[in-house]
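Some notes on the structure that comes next.
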There are 2 protein chains.
Amino acid sequence: MASLGELERAVMDLLWAGQEAATANTLRDMLAQSTAAHDGAAGHVGKDLAVTTVLTVLSRLEKKGLVERERGTRPHRYRAVSSREDHTAELMHEVLGSAPDREAVLARFIGSVTEGEAETLRKLLGHS
Amino acid sequence: MASLGELERAVMDLLWAGQEAATANTLRDMLAQSTAAHDGAAGHVGKDLAVTTVLTVLSRLEKKGLVERERGTRPHRYRAVSSREDHTAELMHEVLGSAPDREAVLARFIGSVTEGEAETLRKLLGHS
DNA sequence: GTTGATGTTCTACGCGATGTAGAAAACATC
DNA sequence: GATGTTTTCTACATCGCGTAGAACATCAAC
């Protein structure tokens, strides 16, 4: 179960961006702040949401295992369980799946990767 | 927009498996046939569906651009637009996205690939 | 050219996921 | 224990998907 809704994604983007754990209120404010102008994560812009909305979303993200919270402190603090990169890589593996044609898929995949990335991959894969 | 429902997936699996274009009725029968015993694609087993159901699903898949149909022949014939491998590879790129941390993601991804596959990748990436 | 069989489109319902938030309950503080 | 803050419960709208009947279109045969 991987897919995220638009708001869920926006919240995760915020949690992934800041390295500190955040409270629902902080997140609510951040979501309200991000204006259409810039906002790398785009999508949800200037949404002025109720805190309860953010809390609901956070609960759902927690249930999905993407977020964990410190229940000790009074305003609970939420943090992403894994980095965006780890999460994305995991997703990629999920998509790749355990099909019998894994290698064929990889071949196609590699085919449309930029030369720079190909170079990076060569390094990562090492000699041997 | 990537994700497929269970039935949609089952239909795509059938279309990807057979190289010939199939009719809704054929697909209906195939779906009914596939018993729990084997059936590589698993999931939807022995479902005895109405033809209209299959047609609805095919329409939705067409709208998603995964399937195309010959409208000329009377029982319309449906075929997958691209191979399963191509589709999966495309999905992987979609997941990888155009984030600024693409290389970091690739690093994580490569990290958890079997040695056999790593070998394949080395060959594919070639020297250069 | 009317009838019937066969195939396709329209419309629709149920369910689960998601966006959204008020009402109510739990806490902290004075 | 009254008040303000935070969290949980409950709820509703929308949408995607599984599912299919009703209505419409086609075409062969009579």
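Naming: A, B, ... by sequence-line order, numbering from 1 per chain.
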What pairs with A:F109 under ring-ring contact (aromatic ring centres under 6.0 Å, His included), at least two apart in sequence or on another chain? B:H93
Residue list, ring-ring contact (aromatic ring centres under 6.0 Å, His included) with A:H87, at least two apart or on another chain: A:W16
In whole angstroms, how far is the [atom2] atom of [N] from the [atom1] atom of [X]?
X     : N      : atom1 : atom2 : value
A:E70 : D:dT6  : CD    : C1'   : 15 Å
A:R9  : C:dT18 : CZ    : P     : 12 Å
A:R77 : D:dT5  : CZ    : P     : 18 Å
A:L58 : C:dT20 : CG    : P     : 13 Å
B:Y78 : C:dG7  : OH    : C1'   : 9 Å
A:L66 : C:dA17 : CG    : P     : 15 Å
B:L27 : D:dT19 : CG    : C1'   : 16 Å

So does [X] get a side-chain nitrogen or oxygen closer than 4.0 Å to the phosphate oxygens (OP1/OP2) of [N]?
X     : N      : answer
A:K64 : C:dT18 : yes
B:H76 : C:dT8  : yes
A:R28 : D:dT7  : no
A:T53 : C:dA21 : yes
B:K63 : C:dT9  : no
B:N25 : C:dG7  : yes
A:K47 : C:dG19 : no

I'd like to know if the side chain of A:T53 and the backbone of A:L49 have a donor-acceptor N/O pair within less than 3.5 Å. no
Is the backbone of B:G5 close enough, under 3.5 Å, to the side chain of B:E8 for a donor and an acceptor to pair up by distance? yes
Could you check whether the side chain of B:T56 and the base of D:dA20 have a donor-acceptor pair of N or O atoms closer than 3.5 Å, going by distance alone? yes
Comparing nearest nucleotides in DNA chain D, the 5'-proximal residue of the pair A:R71, B:A50 is A:R71
Select from B:R69 and A:S3 the residue whose nearest nucleotide in DNA chain C is closer to the 5' end of that strand. B:R69
Side chain of [X] (C-beta onward), nearest among [options]:
X     : options                : value
B:L49 : C:dT8, C:dA21, D:dT19  : D:dT19
B:L7  : C:dG19, D:dG18, C:dA26 : D:dG18
B:E6  : C:dG7, C:dA28, D:dG18  : D:dG18
A:R60 : C:dT18, D:dA25, D:dT19 : C:dT18
B:L55 : D:dT19, D:dG18, C:dT9  : C:dT9
B:R74 : C:dA26, C:dG19, D:dA25 : D:dA25

Can you name the nearest heavy-atom pair linking A:E68 to A:V81, along with the distance? N-CG2, 3.8 Å
Between B:R79 and B:A21, which heavy-atom pair has the shortest distance, and what is it? NH1-CB, 3.7 Å
